[in-house]
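What follows is a single structure, written as structure tokens, with notes after it.
Convention: sequence-line order gives letters A, B, ...; per-chain numbering from 1.
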2 protein chains.
Amino acid sequence: MNNHLKDLRAAKGWSQAILAEKLDVSRQTVIAIEKGKYDPSLPLAFKIAGTFGLRIEDIFEP
Amino acid sequence: MNNHLKDLRAAKGWSQAILAEKLDVSRQTVIAIEKGKYDPSLPLAFKIAGTFGLRIEDIFEP
DNA sequence: CAGAAATGTAAAGTACCCTTTACTTAATCC
DNA sequence: GGATTAAGTAAAGGGTACTTTACATTTCTG
């Protein structure tokens with residue numbers, strides 16, 4: 001599954017560490033999702049969408 | 001995380017087995033998600049939303 | 001250039017998603 | 001009532017999501 005997390009984060013000027021803190025996950029998790037190593041859980045996907053003020057469908061593409 | 005999967009499925013008149021087949025997962029997975037035992041993975045959430053012609057946010061509530 | 005901040009890689013451990021199999025308990029229908 | 005279909009429960013196993021720790025590399029900044 002593809003995603004624009006890295007671009008969205010960059011647009012906000014946030015470091016991976018800052019985003020990880022906002023999402024309440026480890027920095028490793030942010031890295032893994034940005035690099036497409038794996039997809040976030042559904043609850044985390046909701047949290048990500050909420051953090052960026054977008055819908056899940058706007059951030060992730062199956 | 002809460003969801004209306006059972007109601008949506010009933011509205012379509014589909015059995016758990018039929019829905020499982022449409023989603024390409026086991027019937028156990030359908031049962032577990034309907035009963036809230038756990039949340040689907042993000043890819044499966046997309047598949048569920050697609051199957052019902054809805055958005056993920058319309059089916060699942062954090 | 002030196003130091004700091006940001007990003008990336010790796011590995012081991014835990015918990016959760018999903019599977020298969022098997023059995024039990026409704027609900028539906030001749 | 002007996003048979004069939006649907007729904008529910010349980011348990012073991014594999015793969016994935018996420019953690020922590022540690023170290024290497026790149027990028028920014030003074």
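Contacts with DNA chain D (heavy atom under 4.0 Å) in residues 35-62 of chain A: A/Tyr38, A/Asp39, A/Pro40, A/Ser41, A/Leu44, listed by number.
Look at A/Lys6 and you'll find a side-chain N or O under 4.0 angstrom from OP1 or OP2 of C/dG8. Contact between the side-chain N/O atoms of A/Gln16 and the OP1/OP2 oxygens of C/dG8 is found at a separation under 4.0 Å. At C/dT19, one or more side-chain N or O atoms of B/Ser26 fall inside 4.0 Å of OP1 or OP2 (strictly under the cut-off). Between A/Arg9 and C/dT7 there is a side-chain polar atom (N or O) within less than 4.0 angstrom of OP1 or OP2.
Remark: P of D/dA11 and CD1 of B/Ile31 are 15 Å apart, rounded to the nearest angstrom. The CG atom of B/Leu5 sits 12 Å away from the P atom of D/dG8 (whole-angstrom rounding). Here the P atom of nucleotide D/dG8 and the CG atom of B/Leu19 are 13 Å apart, to the nearest Å. Going from atom CH2 of A/Trp14 over to atom C1' of C/dT7 covers 18 Å, rounded to whole Å.
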Intermediate values then yes/no, side-chain contact (heavy atoms from CB on, under 4.5 Å), B/Lys47 and B/Lys22: CA-CA 9 Å; B/Lys47 225 169 184 178; B/Lys22 288 180 185 295; over 6 Å; no
Criterion side-chain contact (heavy atoms from CB on, under 4.5 Å) on A/Asn2 and A/Phe60, from CA distance to verdict: CA-CA 6 Å; A/Asn2 205 18; A/Phe60 300 91; over 6 Å; no
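Among the nucleotides D/dC18, C/dG8, C/dC18, the one closest to the side chain of B/Val25 is C/dC18.
Among the protein residues, B/Ser15 comes within range of the sugar-phosphate backbone only, with heavy atoms under 4.0 Å from sugar or phosphate atoms but none that close to a base.
Checking A/Ile33 against B/Arg27, the closest nucleotide of DNA chain D that is more toward the 5' end is the one next to B/Arg27.
Residues B/Phe46 and A/Leu42 fail the side-chain proximity criterion, which asks for heavy atoms closer than 4.5 Å. With a 4.5 Å cut-off on side-chain heavy atoms, A/Trp14 and A/Thr51 count as touching. Residues A/Ile33 and A/Leu44 meet the side-chain proximity criterion, which asks for heavy atoms closer than 4.5 Å.
The number of heavy-atom neighbours closer than 6.0 Å to CD of A/Glu21, taken from other residues, nucleotides and ligands shown, is 12 or below.
For D/dA7, the base has no donor-acceptor partner in the side chain of B/Gln28 [N/O atoms by modelled type, under 3.5 angstrom].
Under the side-chain hydrogen bond (donor to acceptor under 3.5 Å, both in side chains) criterion, A/Gln16 pairs with A/Glu34, sequence neighbours left out.
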